[in-house]
Amino acid sequence: MEMYNPKPIEKKWQKTWTDEKAFHTGTDYTKKKFYALVEFPYPSGQGLHVGHPRPYTALDIIARKRRMQGYNVLYPMGWDAFGLPTENYAIKNHIHPKIVTKNNVARFKGQLSDLGYSFDWDREVNTTDPEYYKWTQWIFLKLFKKGLAYKSEMPINWCTGCKVGLANEEVVNGVCERCGSPVVRKVKSQWMLKITAYADRLIDDLDLVDYIEKVKVSQKNWIGRSTGAEVDFSIAGTDDVLTVYTTRPDTLFGVTYMVISPEHPYIEKYKDKIENYDEVIAYREEAAKKSDFERSELAKDKTGVEIKGLRAIDPVNGKEIPIWTSDYVLMSYGTGAIMAVPGHDDRDWEFAKKFGLPIIEVVAGGNVEEAAFTDVATGTLVNSGFLTGLEVADAKKKITEWLEEKGIGHSKTNFKLRDWVFSRQRYWGEPIPIVKCDKCGFVPIPEEELPLTLPDVDSYMPTDNGESPLAAMTDWVNTTCPCCGGPAKRETDTMPQWAGSSWYYLRYTDPHNTEALASKEALKYWLPVDWYNGGMEHTTLHLLYSRFWHKFLYDEGVVPTKEPYQKRTSHGMILGENGEKMSKSRGNVVNPDDIVNEFGADTLRTYEMFIGAFELSAAWSQEGVKGCRRFLDRVWKLQEIVSDARGYSKELETKIHQTIKKVSSDFEALKFNTAIAAMMTLVNEFYKAGSITKDDFATLLILLNPVAPHITEEIWEKLGMGGRLYAQKWPEHDEAKTVEDTIEIAVQINGKVKGTVKVANDAADDVVKAAAHELPNVAAILAEHTVVKEIYVKGRIVNIVVK
RNA sequence: GCGGAUAUGGCGGAAUGGCAGACGCAGCAGACUCAAAAUCUGCCGGGGCGACCCGUGUGGGUUCAAGUCCCACUAUCCGCACCA
């Protein structure tokens with residue numbers, strides 16, 4: 001028999017599957033459906049990385065299994081192709097991003113094709129295709145018309161050297177990654193999407209879906225819903241109040257100072273009253289150099305400046321307290337001002353200690369001289385006037401009622417979630433379909449004019465003043481107002497990469513539709529996505545943004561479901577051989593092409609699934625790859641022992657049924673490593689038996705087919721099994737046949753294993769116990785001790801407690 | 001800082017509270033070979049001649065029984081809103 005040679009086999013079957021339209025998604029909407037989705041890749045210049053095949057293979061296994069189970073399966077693939085790296089590459093090499101993208105996509109597609117995935121390539125989408133982004137723009141217009149897209153002054157990272165806005169990632173330790181110049185925050189008018197309007201539903205509707213728990217937790221934490229109160233503090237000598245948000249209104253009697261963000265408008269408003277204005281402004285300029293992230297870190301050194309000349313009055317006791325400014329208070333959360341309760345908040349405590357501000361205990365239970373006491377479950381109020389003696393929860397309720405009665409505060413739900421900054425001063429993104437007219441303001445372009453295509457430009461560099469490269473295209477920018485017909489200018493910012501990926505799963509259901517983003521029938525049939533797998537790194541933002549858009553489209557009557565994804569799972573990263581993240585600079589990147597060339601695609605697929613627990617990161621091992629190739633070689637050579645009868649019959653039948661059961665359930669639980677281990681064990685058993693029947697082999701081939709589709713299809717054909725393997729029915733196990741005739745029971749004395757006994761699987765309890773007592777070393781111990789207790793766990797263990 | 005996760009042989013990892021180390025890699029020994037590779041067979045956590053003893057990051061606890069449950073630590077990794 002010839003040796004297993006994967007290359008021609010894989011090419012042959014990839015071509016056959018394409019010719020036979022084996023994985024073409026049907027449009028018979030009466031058939032039961034299954035929509036499997038993996039995150040579409042960003043087609044980078046580096047080509048495919050061995051991290052990509054992990055999730056793709058996992059859901060390819062599920063998709064292939066579902067087809068064998070009789071489902072109409074949608075398993076699509078596409079390209080999330082707008083983005084910074086392509087644009088930066090284009091700038092550097094003077095190649096149009098369109099061309100760069102086209103080349104990268106071709107490379108990625110070729111590499112993916114070599115891996116034998118069952119994608120329906122007729123449904124390929126590309127976010128940079130005007131026929132695609134036409135609908136991205138259409139969704140934006142809908143949002144705009146509903147008042148969910150608005151302009152606001154937001155800071156950007158501004159490189160003082162390159163004179164361009166930078167992505168957070170391009171800012172390293174406060175300086176520009178490229179030129180090393182300091183980066184400062186510069187305020188710019190930007191498009192925002194009002195995701196906060198959906199904050200409650202984005203949390204509450206998590207009850208409707210089956211996401212792995214840590215994904216739900218990360219969504220909830222990101223949204224960060226908290227309930228507390230807004231409280232007005234009068235400013236001494238003015239009619240004004242300083243409003244703060246607090247989750248601990250119960251600690252109002254413990255307020256010893258207030259802190260406002262360096263950007264707080266009162267600094268300008270009370271410029272004349274502030275005695276040390278210059279010092280305050282100098283501090284603000286210093287703070288502007290730090291990111292929110294750096295600012296909110298619990299740094300050992302808190303910084304801040306007292307605002308002299310401005311004092312606040314605590315509404316509960318009329319005490320006058322100082323107002324400070326510090327960069328740990330962010331303008332972007334709450335009201336940009338806090339009441340400081342150093343006795344019961346860690347950051348306030350640090351600050352008070354550093355600047356010698358008083359600390360008052362108002363909740364008993366800790367030692368506020370040592371540390372802030374923040375436990376809300378056990379504390380009782382002290383030194384708190386009418387709140388003294390109450391539990392924290394009751395005090396919160398009572399003080400909130402009191403504040404509302406007096407008209408100086410009210411309960412308030414707050415979210416950490418902020419509105420979505422939707423503008424980018426970049427070329428390679430979807431143009432925002434808005435024009436600005438001096439008379440009419442911001443005017444949406446008419447829907448029938450979509451797509452608003454990106455004009456070709458020669459230079460993709462942002463302009464010196466921080467505008468998008470599109471701003472330099474005067475022919476394109478100058479237009480007429482769709483409303484009044486007068487002169488108007490186009491919006492020159494583009495959308496972020498998140499835009500295209502927020503709705504791509506909808507387009508797959510009907511990718512060539514020219515009338516709508518997808519037909520009602522297609523959406524009704526295919527939604528929701530049954531199973532969406534992606535990286536943990538996308539489980540907060542991408543998932544949140546696409547859920548937000550979906551909910552909006554649901555409100556608009558465009559989609560029929562409240563949630564886009566019924567089930568969400570996540571995979572771990574593939575690390576380099578040294579256990580570090582794979583990267584060019586570390587020199588530990590493994591290219592899947594090399595593995596396919598040397599061992600074959602089936603080996604790569606098998607290894608990626610065998611490497612470890614799917615949800616955990618795993619280090620690559622070239623030696624481990626060899627082991628998987630060896631396994632496939634052994635499967636191939638099973639052809640030599642096929643005969644009319646099995647070597648041993650009953651035991652092998654039991655093993656086969658156990659394997660069907662385990663592989664079927666392990667695939668569903670994403671436990672591919674143990675499923676493959678079980679198939680390896682079965683192959684070992686086949687060899688031990690010496691001979692197997694065609695049917696035995698057929699069962700193994702079907703089970704292994706989703707993992708290693710080419711080799712199994714080839715053997716299927718060579719054995720003359722009839723038809724195509726991909727079109728076979730998934731096997732069912734017979735529960736009765738999974739039970740072994742005799743079982744081994746461990747025998748323990750005081751929890752220590754002393755030996756095992758073999759008994760019939762239906763042996764009565766006392767028979768098993770008697771057998772256990774007869775074990776020589778057990779009998780010896782029993783002769784010298786008294787039995788206190790004896791436990792028999794059926795089919796597992798006997799534990800005899802003696803003294 | 002905030003949020004999430006992880007820790008088991010030389011390595012990747014397995015184990016509904018019930019025989020720790022399945023399966024694979026590496027290693028060792030043997031078979032085949034002039035030889036090597038490949039393949040096949042056996043061994044393979046540590047200590048001890050042995051009966052046995054020790055062993056799942058650390059320290060406590062619950063239980064007849066703990067890698068698994070509880071409490072307190074330690075270390076490492078990932079994300080943090082303009083990377084995707």
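Chain A is the first sequence line, chain B the second, and so forth, proteins listed ahead of strands; every chain is numbered from 1.
Here A/Tyr56 pairs with nothing under the ring pair (Phe, Tyr, Trp, His ring centres under 6.0 Å) rule; sequence neighbours left out. The side chain to side chain donor-acceptor pair (under 3.5 Å) test applied to A/Asp765 returns A/Lys794, not counting sequence neighbours. For A/Ser226, the side chain to side chain donor-acceptor pair (under 3.5 Å) partners at least two apart in sequence or on another chain are A/Tyr245.
Note on residues 40-49 of chain A: pairs passing side-chain hydrogen bond (donor to acceptor under 3.5 Å, both in side chains), not counting sequence neighbours, are A/Tyr42-A/Thr86.
In the set B/rC64, B/rU16, B/rC40, B/rU16 carries the atom at the smallest distance from any side-chain atom of A/Arg796. Relative to the side chain of A/Val217, the nucleotides B/rG4, B/rC83, B/rA26 differ in distance, and B/rG4 lies closest.
Both A/Ile676 and A/Lys671 sit near RNA chain B, but only A/Lys671 has its closest nucleotide nearer the 5' end.
Here A/Arg630 reaches the OP1 or OP2 of B/rC25: one of its side-chain N or O atoms lies under 4.0 Å away. In terms of phosphate contacts, A/Asn684 brings a side-chain nitrogen or oxygen within less than 4.0 Å of OP1 or OP2 of B/rG24.
Using a 4.0 Å cut-off on heavy atoms, the residues of residues 748-758 of chain A that approach RNA chain B are A/Gln748, A/Lys752, A/Val753, A/Thr756, listed by number.
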**Item:** Pairing pattern in dot-bracket form [Watson-Crick, G-U; both distances under 3.5 Å; | = partner strand] for RNA chain B
**Value:** (((((((..(((.....[....))).(((((.......))))).(((....)))..(((((..]....))))))))))))....

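Between A/Phe351 and A/Tyr328, the ring-plane angle classifies as tilted under the 30° and 60° cut-offs.
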